[in-house]
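Since the structure comes first, as structure tokens, the remarks are kept for the end.
Since we're looking at a predicted model, the values are computed, not measured.
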Amino acid sequence: MNKKYLPALVCGFGAAVLTTIPGMENVACCLLAPVASGISIFLYKKSQPAVLKIRTGTGILLGLLTAIFAALFASSFEIVVTYITKTSDLVTSMPQAEQVVKDMNLGPAAEESIEVLKQMLSDIQSKGFSFLYALFITLTNLITYSIFGMIGGVVATAIINKRNIKSI
Amino acid sequence: MLQLLLTGIKNSANINIENKLSSTLLKLILLSVLVIWTLGFLQPNLFLQNDSLTNYFFTKVYSKVCHQESSKCILIGIEHMLVCARCAGIYFGALIAALFTFFYCIPELRIKVFVIASLPLLLDVCLTFLGVYTYSQTVAFITGLAFGGIVYVFFLSELENFFSNKSIK
């Protein structure tokens, strides 16, 4: 495997595992993806001693890759947990979601939206899996993790490059 | 010879102007993004109409980046912010730093500064997690403020380097 992808894969997996620990979200908040990206760049630098300065573009790319891996793994873990427990956040937020759809005054379209939501809910409660729900959490995870991962990548590149200059 | 020297000076002046322009543009873009992001999590406090759609939308967006535990979210008036005190501190810190960078030139920061700014936040996270002391919104907000500001400065300096290198090429 390309040396660039390995640190991203390892750190992304690590971050995703951490998201499954109860209470970890309270501690990590928005910092999980940026920190994972930072560690991934640090590992990349360690694996390439010949590279004196990491380019910002490489930092952004590594941050993005780490975030994508983290989002994919975190989503799959959530899907597995939902499959086992047959419940999810959607169950608790369903009344609120229904209210929102009703408030939009979409007429027959609102009815259809509520039907889709109810179908998702019943799928989760009976089978433990809903394709739409899986798609929704994967997409939202991909978007948010990617943004924060890239930010983490840029900051980590700045820090690691400064450290290298100092050691030279 | 003189002609060559003059062309060199002219070129470097052009690059300098280009760098300054791209830096200001970058700062403006980052500031705008931060303002929009901050207004987003202040939405329940700033826009008091009870519109379930916007409330639901913003709550869902910020739930992906923060746990939103109401006891840890700052209460303004009758509504809580959509992010916890620590996250709010980080974003406000970045916003303040973004404003400062327009009026003050950023000096070359060492890693030591980054460590000093992030250590209080890390200590606060660890000590509250271990139950050494109870969570305080004020402490979380202040430690987040310092961290957010420094992270923004590092972020900006790296992006400026990136764009100035590109323009030289």
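When the shell of 6.0 Å around CZ of A/Phe77 is examined, it contains more than 12 heavy atoms from other residues, nucleotides or ligands. Residue A/Phe136 qualifies as open at atom CZ: its count of foreign heavy atoms under 6.0 Å is 12 or below. Within 6.0 Å of CZ on A/Phe131 lie no more than 12 heavy atoms contributed by other residues, nucleotides or ligands. For B/Tyr104, the OH atom sits in a loose shell: 12 or fewer heavy atoms of surrounding residues, nucleotides or ligands are nearer than 6.0 Å.
In this structure, the portion of B/Tyr91 lying under 4.5 Å from any heavy atom of chain A is its side chain and not its backbone. The part of B/Ser63 that comes within reach of chain A is its backbone (N, CA, C, O), which places non-hydrogen atoms under 4.5 angstrom from that chain. Of the two parts of B/Tyr135, neither the backbone nor the side chain holds a non-hydrogen atom closer than 4.5 Å to a non-hydrogen atom of chain A. If you measure heavy-atom distances from B/Leu121 to chain A, the contacts under 4.5 Å come from the side chain alone. With a threshold of 4.5 angstrom between heavy atoms, B/Cys66 approaches chain A through its backbone and through its side chain. When heavy atoms are compared at a cutoff of 4.5 Å, B/Phe155 approaches chain A by way of both its backbone and its side chain.
The same ILVMFWY cluster, assembled from side-chain heavy atoms under 4.5 Å apart, contains both B/Val61 and B/Val35. A single hydrophobic cluster is seen to contain both B/Leu99 and B/Leu145, as judged by linkage of ILVMFWY side chains at heavy-atom distances under 4.5 Å, directly or through other members. No continuous path of ILVMFWY side-chain contacts below 4.5 Å connects B/Ile36 to B/Ile96, so the two sit in separate hydrophobic clusters. Residues B/Ile116 and B/Tyr152 are members of separate hydrophobic clusters, defined by side-chain heavy-atom contacts under 4.5 angstrom among Ile, Leu, Val, Met, Phe, Trp and Tyr.
Taking CZ of B/Phe162 as the start and CZ of A/Arg55 as the end, the distance is 8.5 Å to the nearest 0.5 Å. With values rounded to the nearest 0.5 angstrom, B/Ser118 atom OG is found 10.0 Å from A/Leu31 atom CG.
Among the candidates B/Ile90, B/Val125, B/Thr128, B/Leu109, the residue making the largest number of heavy-atom pairs closer than 4.5 Å to chain A is B/Leu109.
Checked by atom type and distance alone, the side chain of B/Lys64 never pairs as donor or acceptor with a backbone atom of A/Thr140 at under 3.5 Å.
The closest side-chain donor-acceptor pair between B/Glu158 and A/Thr157, if any, does not fall under 3.5 angstrom.
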